[in-house]
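Keep in mind the model is a prediction, meaning the values are calculated, not measured.
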Amino acid sequence: MPPTIHLVRHAQGYHNLCVENETMRDPDLTPLGEQQCLDLRASFPYHDKLTRLVASPMRRTLWTCTRAFGPDDGGAPYPIVALDTLQELSDLPSDTGSSVAALSAEFDAARVVDLSQVRDGLWTDKLGDTPFEPTKDKIEARAREARRSLRELAGLSTEDHVAVVTHGAFLHFLTDEFQDIPNGNATSWKNCEYRSYQFVDLTGADEDAAIVETDESWQRRRGDKPRLSQHDLDELRVVAHGRIVPHLKASSHL
């Protein structure tokens, strides 16, 4: 069996409460968000199969990962591997992370979080010509880089289960699936929702490291509803990009 990647949107953060809160830098989880983590911990059926935890270095994703999946004894599968490619899309303060030093102090990185793959300084620069600038091409490029990193972390000759906590809008680019996004919103993923995926190509030769949702995950969410054709998925992608991408560079509207 190939590895299974369980993708999770973070729990509710304070920026999710109102537009005004999007001016908060790297916000924390709300009390409801903390409860959502506990609910996910109680309902997630694969804890005993998890061999690795991965998360965006944003505070809300790290706290979600710790509270929903982190073992109580601090043992395996700690530490959480933080990948800066998994951060959210826009250049809003709420979608901009903290320094590695600040994260190390908050999460006791020597035990809980591995920040060695976070490019300090660069990963929080979303206003300049960097890999994290919120343009379509750069978002697609880092989604591809993130999938490659997950493939390397999971390995293709194992039956490992990996939990990956990231962000609602970015999840659509990571999965290359843009179904059911409500008007006026950037994602169809609920806070603390998880969906399960496997790599399409098990040889490791696919440069895109494409992933597909497992039958179990699809049926859990959608029942007997048939999957869309590739043509329909491609059309949804074009429409979603047209709606989402022009609004990601908030600095250009100030």
Side-chain angles (χ1 to χ4, degrees), residues 1-13 26 28-29 33-88 97-98 100 102-119 123 142-143 145-168 170-171 174-175 189-199 209 211 213-214 217:
M1 290 290 292
T4 301
I5 311 296
H6 303 285
L7 300 180
V8 186
R9 184 189 177 194
H10 63 80
Q12 185 190 71
D26 200 6
D28 203 349
L29 299 180
E34 294 177 4
Q35 183 60 51
Q36 289 171 336
C37 294
L38 297 179
D39 293 342
L40 177 57
R41 180 183 281 272
S43 63
F44 184 75
Y46 302 108
H47 286 290
D48 61 335
K49 297 181 182 297
L50 288 176
T51 57
R52 195 176 291 273
L53 301 176
V54 184
S56 155
M58 304 291 290
R59 296 176 64 249
R60 58 186 179 270
T61 41
L62 291 174
W63 277 122
T64 298
C65 196
T66 300
R67 289 167 172 154
F69 300 107
D72 294 330
D73 61 2
Y78 272 152
I80 300 166
V81 177
L83 296 180
D84 54 21
T85 51
L86 292 172
Q87 67 175 292
E88 187 56 296
S98 303
V100 169
L103 294 172
S104 296
E106 183 170 3
F107 291 94
D108 182 19
R111 182 180 69 86
V112 176
V113 181
D114 175 4
L115 295 163
S116 63
Q117 298 189 56
V118 180
R119 287 163 277 191
W123 93 280
R142 70 175 170 92
E145 183 182 348
R147 290 193 299 270
R148 290 173 179 171
S149 295
L150 293 175
R151 182 173 64 186
E152 182 176 347
L153 287 168
L156 290 176
S157 60
T158 69
E159 299 182 17
D160 289 1
H161 286 243
V162 179
V164 181
V165 184
T166 181
H167 304 266
F170 182 68
L171 277 160
L174 187 63
T175 62
W189 290 64
K190 300 179 179 66
N191 290 119
C192 264
E193 178 182 358
Y194 80 93
R195 306 178 191 179
S196 307
Y197 292 79
Q198 292 176 336
F199 292 98
I211 56 177
E213 189 171 6
T214 66
S217 179

Side-chain heavy-atom pair [X], [Y] within 4.5 angstrom cut-off:
X    : Y    : result
Q117 : V81  : yes
L156 : P3   : yes
P2   : F199 : no
V162 : L153 : no
C37  : L29  : yes

List the atom of [X], the atom of [Y], and the distance in Å for their closest heavy-atom pair.
X    : Y   : result
L50  : F69 : CD1-CD2, 3.8 Å
H6   : Y46 : CE1-CD1, 3.4 Å
C65  : V54 : SG-O, 4.2 Å
V118 : P57 : CG2-CG, 3.7 Å

Tell me if the CD atom of E106 is crowded by more than 12 foreign heavy atoms within 6.0 Å. yes
Give a yes or no answer on whether the side chain of [X] reaches the backbone of [Y] with a donor-acceptor pair at less than 3.5 Å.
X    : Y    : answer
R59  : G97  : no
D114 : P79  : no
Q36  : Q12  : yes
R9   : W189 : yes
T64  : H10  : no
E88  : F170 : yes
R41  : R67  : yes
T166 : L86  : yes
R142 : Q87  : yes
W63  : M58  : no

Test T4 against Q198 for side chain to side chain donor-acceptor pair (under 3.5 Å), laying out the working first. CA-CA 5 Å; T4 301; Q198 292 176 336; 3.1 Å; yes
Roughly how far apart are [X] [atom1] and [Y] [atom2], rounded to 0.5 Å?
X    : Y    : atom1 : atom2 : value
S56  : D84  : OG    : CG    : 8.5 Å
I5   : S217 : CD1   : OG    : 12.5 Å
T61  : L83  : OG1   : CG    : 10.5 Å
R147 : I211 : CZ    : CD1   : 6.5 Å
T158 : R52  : OG1   : CZ    : 9.5 Å
L40  : N191 : CG    : CG    : 11.5 Å

Please determine whether side-chain contact (heavy atoms from CB on, under 4.5 Å) holds for the pair V164 and L150, giving the CA-CA distance in whole Å, both sets of side-chain angles, and the decisive distance to 0.1 Å. CA-CA 9 Å; V164 181; L150 293 175; 3.7 Å; yes
Give me the ring orientation class for Y194 and F44: parallel if the planes are under 30° apart, tilted from 30 to 60°, perpendicular past 60°. perpendicular
